[in-house]
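Numbers here simply count residues along the sequence, with the first being 1.
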Amino acid sequence: MIAIKMYGEDYEQDIRPLIKSFYPKEELTIEKESQVPVVVSHTEPIDGPTMEFLLQKDQFEVRYYESQKPRIDRSMKFTQQTLNRSIYRNALHRATYEVLYEATGHGLPWGTLTGIRPTKQVLERLEIHEPEAKIREFMGSEYYCSDEKIDLSLQVARRENEILSQLDYKNGYSVYVGIPFCPSTCNYCSFTSYPLGRFEHLVEPYLQSLTKEIEYASRALNKTLSTIYVGGGTPTTLSAKQLEYLLDTLYKNFDTKQTVEITVEAGRPDSITREKLQVLKDMGVNRISINPQSMRQKTLDLIGRHHTTEQIEEAFYMAREIGHDNINMDIILGLSGENPEDVSYTLEKIGKMNPDDLTVHTLAIKRAARLNTNAADYEKYAATNVEEMQRRAVKFAKEHNYLPYYLYRQKNMAENLENVGYARLGKEGIYNVLIMEEKQTILALGAGGSSKFVFHDENRIERVENVKSVIDYVGRVDEMIQRKVDFLANVKEGVRL
């Protein structure tokens, strides 16, 4: 347990993720006082690490205590010329990092960056033609990023910049359609997902409610539709007839003449049939995902994916035979019971299938996932040496001509790493870039959807959420529509969305 005492200004939400990155398995207890005392003494016995933050408007002090270690501290004072919340927060991050680095004897690959989009600042600087040497120096001095992660950020941002330069994203928007049904729920999953065996009776009512939201969404914005992404859950849990109905509904309502990408996640091979793949091809879907996560059968059994490795290969080759020429495959590093040799085996199998792009996720244990709620059941299956797994995946991508094109991070990621999308040239998932770099308004439809409205001229983003429960969504779809109606009605005239 790490005890944290915070006096004065409230920066808990800024500090907590960084401390948790150094101590991922420790519980944090936080005490807060609104005033900084004149004298802060530390006399009580210490069982474990304790941190104190003395935070005033123009100065701070960070202290670390442990019974075996002398006090470690950092402090800083600001002048009126250098004082604003962003500068203060970043300086506080660096001071906290320095203290924890000294206390633990190790750093973090991403330094003080704990957010989802570590490449965002790199991309913004490339867009204004800032020299790469200056960007490197900024990422190192401002955030303490490692050289390896700075290199990766630059590789990703260069690709993103090229992709975005070919798309009029400011005058466009994208649509996300959520299908929250799956054949079964994986032990790491925390998405809105309902096993079909128990919830099949809700599929048709869900599609009818989704149709109402689609009909509204098609009239909501006077912009060009850039991309459509049908995700989940597992969209191919729907029958072939239901998939055809959904896609037909989208085409009937949206003008897709200038839409550059239509993606459908066919993630679970036990949900894929030849008839469904043919429907996707016939209906103009130009990008699909077939996601093994691992090619080790023992791993699939342990994580709750009720299909075989043979089914993965059968689904992939069937999709190729039907004519799908942009197939993504996902793997996850750090799955229960796996080691680097298991990942090498998975990569070898994927190399033989030769997909067009490969997304390499690092396991992130979410609060609602069985890996967390039933943690004791999986303790003996903890993965080993995830960083080495990542090194092998990076080497594989390079050797097979996959280039990194988007990147994001999540809370509680194994060994503080990241998720990276790799693709061959021209096969990148454009929707992934648009959403990860928050470059375009995205209307999210269905249960669990989070619409994101981007105001480019104001550097502002607003979100409008749908309910997560399928039952609530079906019963309250009119309310979900009204939330967007009310939000857009309150957007000031002349504001560019």
Side-chain angles (χ1 to χ4, degrees), residues 2 11-26 28 51 62 74 86-87 89-126 130 132-160 332-334 359-366 383 385-395 397 404-422 432-433 435-438:
I2 314 295
Y11 280 81
E12 178 190 345
Q13 297 308 313
D14 298 293
I15 294 166
R16 177 192 282 269
L18 185 55
I19 299 172
K20 196 69 179 171
S21 295
F22 275 93
Y23 297 103
K25 296 182 179 179
E26 296 289 340
L28 306 184
M51 297 191 74
V62 180
R74 295 289 189 281
S86 177
I87 290 172
R89 183 187 64 235
N90 287 348
L92 179 60
H93 278 165
R94 289 192 296 274
T96 303
Y97 184 93
E98 290 168 6
V99 165
L100 290 170
Y101 181 90
E102 187 173 338
T104 63
H106 70 83
L108 302 172
W110 287 100
T112 65
L113 289 173
T114 58
I116 293 173
R117 299 170 177 85
T119 59
K120 194 169 186 178
Q121 295 223 34
V122 178
L123 177 59
E124 288 173 354
R125 283 168 166 75
L126 283 179
E130 188 170 303
E132 289 193 7
K134 192 172 179 181
I135 297 173
R136 287 180 185 279
E137 199 234 335
F138 171 80
M139 295 296 287
S141 61
E142 183 74 3
Y143 299 114
Y144 296 165
C145 283
S146 68
D147 289 342
E148 178 189 2
K149 299 308 176 189
I150 295 173
D151 286 343
L152 177 59
S153 295
L154 279 165
Q155 288 180 65
V156 169
R158 285 189 214 109
R159 291 289 298 289
E160 290 178 322
I332 299 177
L333 310 179
T359 307
V360 179
H361 295 275
T362 304
L363 182 67
I365 300 177
K366 302 295 187 68
N385 203 349
V386 180
E387 195 167 2
E388 174 59 24
M389 295 178 185
Q390 189 189 65
R391 279 192 286 270
R392 296 186 186 197
V394 170
K395 183 172 181 285
Y405 77 96
Y406 85 105
L407 180 156
Y408 69 103
R409 304 182 69 217
Q410 296 167 280
K411 290 181 180 179
N412 304 323
M413 294 192 78
E415 298 185 25
N416 209 247
L417 297 172
E418 66 280 328
N419 304 320
V420 181
Y422 296 91
N432 292 329
V433 175
I435 191 168
M436 286 305 158
E437 296 303 339
E438 299 182 314

Sorted by chain and residue number, the ring pair (Phe, Tyr, Trp, His ring centres under 6.0 Å) partners of Phe138 (sequence neighbours excluded) come out as Tyr143
Tell me yes or no: between the side chains of Tyr144 and Glu98, is some donor less than 3.5 Å from an acceptor? yes
What I want to find out is whether Glu438 reaches Arg117 closely enough, with some N-O distance under 4.0 Å, to be called a salt bridge. yes
Salt-bridge test for Glu418 and Arg409: reply yes if a basic N is under 4.0 Å from a carboxylate O, no otherwise. no
Any side-chain heavy-atom pair from Leu92 and Val62 closer than 4.5 angstrom? yes
Out of curiosity, Thr114 OG1 to Gln13 CD, how far, rounded to the nearest 0.5 Å? 10.5 Å
Output, in order, the C-alpha distance, side-chain angles, deciding distance and verdict of side-chain contact (heavy atoms from CB on, under 4.5 Å) for Val386 and Thr362. CA-CA 8 Å; Val386 180; Thr362 304; 4.0 Å; yes
Tyr406/Val420 under side-chain contact (heavy atoms from CB on, under 4.5 Å): CA gap, chis, key distance, verdict: CA-CA 6 Å; Tyr406 85 105; Val420 181; over 6 Å; no
My understanding is that only one of Glu137, Glu130, Glu132 makes a salt bridge (charged side-chain N to carboxylate O under 4.0 Å, His left out) with Arg125; could you say which? Glu130
Leu28 side chain reached by Arg16 side chain, heavy atoms, under 4.5 Å: yes
Taking the six-membered ring for Trp, is the centroid-to-centroid distance between Phe22 and His106 below 6.0 Å? yes
Nearest non-hydrogen partners of Leu363 and Gly334, listed with the distance: CD2-O, 3.0 Å
Going from CG on Asn416 to OG on Ser21, what distance comes out if it is rounded to the nearest 0.5 angstrom? 4.5 Å
Could you pull out the closest heavy-atom pair between Glu437 and Glu160, with the gap in Å? OE2-OE2, 2.8 Å
Beyond-backbone contact of Val360 with Asn419, side-chain heavy atoms, under 4.5 angstrom: no
Full working for salt bridge (charged side-chain N to carboxylate O under 4.0 Å, His left out) between Glu102 and Arg74: CA-CA 11 Å; Glu102 187 173 338; Arg74 295 289 189 281; 3.3 Å; yes
Gly111 versus Leu18, closest heavy-atom pair with distance: O-CD1, 4.0 Å
Does any N or O in the side chain of Tyr97 come within less than 3.5 Å of the main-chain N or O of Leu108, such that one atom is a donor and the other an acceptor? yes
What residues, two or more places apart in sequence or in another chain, satisfy ring pair (Phe, Tyr, Trp, His ring centres under 6.0 Å) together with Tyr11? Tyr88
Tell me if the CD1 atom of Ile116 is crowded by more than 12 foreign heavy atoms within 6.0 Å. no
Could you check Thr119, Leu113, Asp147, Leu154 and say which one makes a side chain to side chain contact (heavy atoms under 4.5 Å, CB included) with Met139? Leu113
For Lys149 and Leu417, run side-chain contact (heavy atoms from CB on, under 4.5 Å): C-alpha distance rounded to whole Å, both residues' side-chain angles, the deciding distance at 0.1 Å, then the answer. CA-CA 10 Å; Lys149 299 308 176 189; Leu417 297 172; 4.3 Å; yes
Using a 4.5 Å cut-off on heavy atoms from C-beta on, say whether the side chain of Gln390 contacts that of Asn385. no
Heavy-atom side-chain contact between Glu388 and Arg392 under 4.5 Å: yes
Leu100 side chain near Met51 side chain, heavy-atom distance below 4.5 Å: yes
Charged N-O contact under 4.0 Å between Arg136 and Asp151: yes
Within the distance-only criterion (no hydrogens, no angle test), does the side chain of Asp14 pair as donor or acceptor with the backbone N or O of Arg89 below 3.5 angstrom? no
For Lys120, is there an ion pair with Glu124 - N to carboxylate O distance below 4.0 angstrom? no
Are Asn90 and Thr112 side-chain neighbours, meaning at least one heavy-atom pair lies under 4.5 Å? no
Give me the atom names and distance for the closest heavy-atom approach of Trp110 to Pro118. CZ3-CB, 3.6 Å
Please walk me through it: do Asn432 and Tyr405 pass side-chain hydrogen bond (donor to acceptor under 3.5 Å, both in side chains)? CA-CA 9 Å; Asn432 292 329; Tyr405 77 96; 3.1 Å; yes
